[in-house]
Amino acid sequence: MLKRILAGALALVIPFAVHAQGQEKVLRAVMHADVRVIDPIWTTQTIASIHGMLIYDTLFGNDANLKPQPQMVGKYEISPDRLTYTFTLRDGLKFHDGSPVTTKDVIASLKRWGSKDGVGIRLFSYVVKQEAVDDKTFKMILKEPYGMVLESLGKSGSSVAIIMREQEALTDPQQQVKEAIGSGPYKFAKDQWVPGSKAVYLKNKDYVPRPGNEPPSSFAGSKIPGVDRIELVWISDPQTAMSALVNGEIDFYEAPNNDFLPILAKAKGVKLMMTGKIDSTQGMIRLNHLHPPFNNIKARQAMYHLINQEDFLRAIVGNPEYYRVCHGLLTCGGPYENDGGSAFLKDYNPKKAMQLLKEAGYKGEPITVLFTTDHNTITPATQVLVQAMREAGINVDAQSMDWGSVVSRRAKKDPPANGGWNIFITTTGGVGASNPVLHTWIGAACDKGLFGWPCDPEIEKLRNAFAFAQTDEERKKIAKDLQTRAMEQVVYIPFGQWNTPLAFRADKIDGVVPNTGLAVLWGITKK
Amino acid sequence: MTAYIVRRLFATLPVMAVVALFVFFLLRFAPGDPAAIIAGDDATAESIAAVRAKLGLDRPMVEQFFVWVWSLMQGDLGVSIFSNLAVTRLISQRLEPTVALTLSTLFVAVALAVPIGVVAAWKARKLVDRLVMGFAVLGFAMPGFVLAYILIYFFAVQWQLLPVQGYKPIAEGFLPFAESLILPSVALGVTYMALIARITRASMLEVLAQDYIRTANAKGLATDRVLLLHALKNAAVPIVTVIGIGIALLISGVVIAETVFNIPGLGRLTVDAVLKRDYPVVQGLILVFAGAKVLVNLIIDISYAFLDPRIRY
């Protein structure tokens, strides 16, 4: 009624042109974050990779089973000694400015990615050279038969090996590219981009998908653009986003808040879809190996006895349908799930924890915990940890700060009393964590590793060995040895695994597929 | 008057300089590092340091300050660390929604509050007055975001009369533009409505007790003429002052409405930039807000001269 009254009253005074969108099919999606950076190599932010996968293409795409499938590559050969890979591009690949995709672009793009991304750096440490045979064929020559070449080129998650134009790919990887011109199924409408609000992508009518009309399976399959326009709308308030989906103002909501799942499950026209089997989030308690007490292995292992994963998961997720206890570091449900070292987490015993800490020389000094206050999962997890530590009798110095401050503080190697830290909590994606090479947090590369700086040559040796393994049995054995060793050394303490289902308007869109690393938007069609 | 305005405008320069100085150094001393946020979760400390160096954030703070001031003097507010877009572009993209929301809120607040304040004063200590005062207390007591969610639940989700969120520019048609502003304006405006209604009532009560009002009534003038022409005009100075303060408060109040109703305005831009430590954007926005507050104060001061002939500059 109000609408009618307003329409009647205002129709007489509307002097403005009504924006006509015609029959344009528009997908409006709310993602977990806003697109603020247009260079998915410069940053490891997941949202930048989602943006990147709409406008750029990759040589290979890992499918839902993490098997690499050719994407831009038409055919490829691996020499018998596994040292030379020869790739030939598919016909008809063009950038959005109309220029053809050539091996010059590919070589420059891979070089940039290989000097910035952790997986790329590892791959390129074995690459002797990349050599263009002609505009469509190039060779990648290795010094050792590294076994993860195709998986690395097709990786999903952060910092995907995307192919840019050579002129952008020559940009210093520590600087952001100025233009986002790819050869993918959608073009970035930079003039319509409002950072912090909306990013717009228009169908690339010149895109030549892989033949065969293959359905999307994570990054594999024919990338047939399903709508004319995709709008990644950023709604920072989860309740508003939930209401907008229920009201039909948006079509797709990537990461609904766990508290709203029961409402969404009952909402008319809305469907919840579980993400892929291994596309989960894994919680991690990271200890600082540089400073007491956690420079002592006994003190690190003591922390296992304070962790009851159910406590954490109930606080974060609540509904057991969406979480699982997982006592390993490699994703439970993934191909390399194993029980190596899991016994550590099966003995919840605060008294034993305190006793081990004392044996390690802990005398009640304050332990600095970086307490994130503004994160929907990390905040409750930190609350549970701090409570468990205090109940055990540990002197906890919980320093409250926003996530932005934690991110900068955790990079400091100073002692806790001088602005450093002892413990912080973070999360990682289940897809990356399912593979020992892609799972960067399991590494122990000392100063060159991630925050907390675990240092153990044996772990690094096992990760390398995994990459050179020739059979799956061999890989599984190495994965178990690696996890056992990493649990012993306490590279981090896992506190469980959970899924956030996708929510979308099933009455308005089709073609939603479960994530395996990143949301796949290009295959979604509008009814 | 012209000399006064010119003098006031010149007086804004030292104000803006102090604001610039404070905002620059406060941001730098606050915890957080944009390089770490850009580099992302899987970045190493080395990678963060490399990004910091490329952004020039490793240079001495004083040097960074003078580089920024030099750019400012050339009318350049800088470039967002994250999006690489000019701060002026980011601000201009967000200006229309915030101005529209501020004006519509002000319109809703003033258009309803002044009449009910006048009526409450006219019917002082009667039922209408008590209802108005009850509303004023409720309006003050209820946080804007609570009212916002209640309005969304009923008007958008349950009855589907208005959109939950978003902003439609006026260029896309007046109706969608107006629809996108109704709920946020009401949610944001109720507090200001309560404030203005109370001040209007108090100011009117004072004026209605004056001798000249008694004289006007004795002359047999119609009540509406007495209230609107004789009383309200003379009660206007404190009301206008409160409206001016209200505009200044609205600039910060829009943050909540813009967040809950997902309106891409300056308030949300500020919050996002602060959380991301996007220094150039925060600095530019604070300068714009400071300038807007100075300008509003100036307009209010000038309006006094028109409302009260005794005031001359």
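In what follows, every chain begins at residue 1, and chains take the letters A, B, ... in the order their sequences are listed.
Contact annotation for B/I263: neither backbone nor side-chain heavy atoms come within less than 4.5 Å of a heavy atom of chain A. When heavy atoms are compared at a cutoff of 4.5 Å, A/V30 does not approach chain B at all. At a 4.5 Å heavy-atom cutoff, the contact between A/K448 and chain B is made by backbone and side-chain atoms alike. With a 4.5 angstrom heavy-atom cutoff, B/Y153 does not touch chain A via any of its atoms. Residue A/D117: no heavy atom, backbone or side chain, is found under 4.5 Å from chain B. With a threshold of 4.5 angstrom between heavy atoms, B/I37 approaches chain A through its backbone and through its side chain. When heavy atoms are compared at a cutoff of 4.5 Å, B/L90 approaches chain A solely by way of its side chain, counted from C-beta outward. Using a 4.5 Å cut-off between heavy atoms, A/V233 contacts chain B through its side chain alone, with no backbone atom that close. In this structure, chain B has a heavy atom under 4.5 Å from the side chain of A/T440, while its backbone stays farther away. Of the atoms belonging to A/I38, not a single heavy atom falls under 4.5 Å from chain B. Proximity to chain A (any heavy atom under 4.5 Å) is shown, for B/K168, by neither the backbone nor the side chain.
For the pair A/V194/B/R94, a side-chain contact is recorded, criterion being any heavy-atom separation below 4.5 Å from C-beta on. Contact annotation: the side chain of A/D237 never approaches that of B/F261 to less than 4.5 Å [non-hydrogen atoms, C-beta and beyond]. Side chains of A/Q239 and B/V164 form no contact here, defined as non-hydrogen atoms less than 4.5 Å apart.
Distance alone, capped at 3.5 Å, places no donor-acceptor pair between the A/Q174 side chain and the B/I48 backbone. Remark: side-chain polar atoms of A/E249 are paired, donor with acceptor, to backbone N or O of B/Q165 under 3.5 angstrom. Of the possible polar contacts, one joining the A/Q176 side chain to the B/F82 backbone as a donor-acceptor pair under 3.5 Å is found. With hydrogens and angles disregarded, no donor-acceptor distance shorter than 3.5 Å links the side chain of B/S83 to the backbone of A/R36.
Within a 6.0 Å radius of CZ in B/F22, other residues, nucleotides and ligands contribute 12 heavy atoms or fewer. A 6.0 Å sphere centred on CZ of B/R28 holds more than 12 heavy atoms belonging to other residues, nucleotides or ligands.
Smallest separation of non-hydrogen atoms from A/W234 and B/N262: O-OD1, 2.9 Å. Across every non-hydrogen atom of B/T259 and A/S236, the tightest pair is CG2-OG, 3.6 Å.
A donor-acceptor contact closer than 3.5 angstrom links the side chains of A/S405 and B/R277.
To the nearest 0.5 Å, atom OG1 of residue A/T240 and atom CD1 of residue B/I152 are 4.5 Å apart. Rounded to the nearest 0.5 angstrom, A/K190 NZ and B/L85 CG are separated by 6.0 Å. If you take CD1 on B/I38 and CD on A/Q45, they are separated by 8.0 Å, rounding to the nearest 0.5 Å. Atom CH2 of residue A/W193 and atom CZ of residue B/R89 lie 7.5 Å apart, to the nearest 0.5 angstrom.
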Worked check of side chain to side chain donor-acceptor pair (under 3.5 Å) between B/R268 and A/S197: CA-CA 9 Å; B/R268 264 189 58 200; A/S197 174; 5.2 Å; no
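For B/D33 and A/R409, the salt-bridge test fails: no basic side-chain N is under 4.0 Å from an acidic carboxylate O.
When each of A/D402, A/D39, A/T44 is checked for heavy-atom pairs under 4.5 Å with chain B, A/T44 comes out on top. Ranked by heavy-atom pairs under 4.5 Å with chain B, the first of A/P195, A/P173, A/G118, A/S158 is A/P195. Taking A/A411, A/A267, A/A445, A/G404 one by one and counting their heavy-atom pairs under 4.5 Å with chain B, the maximum is reached by A/G404.
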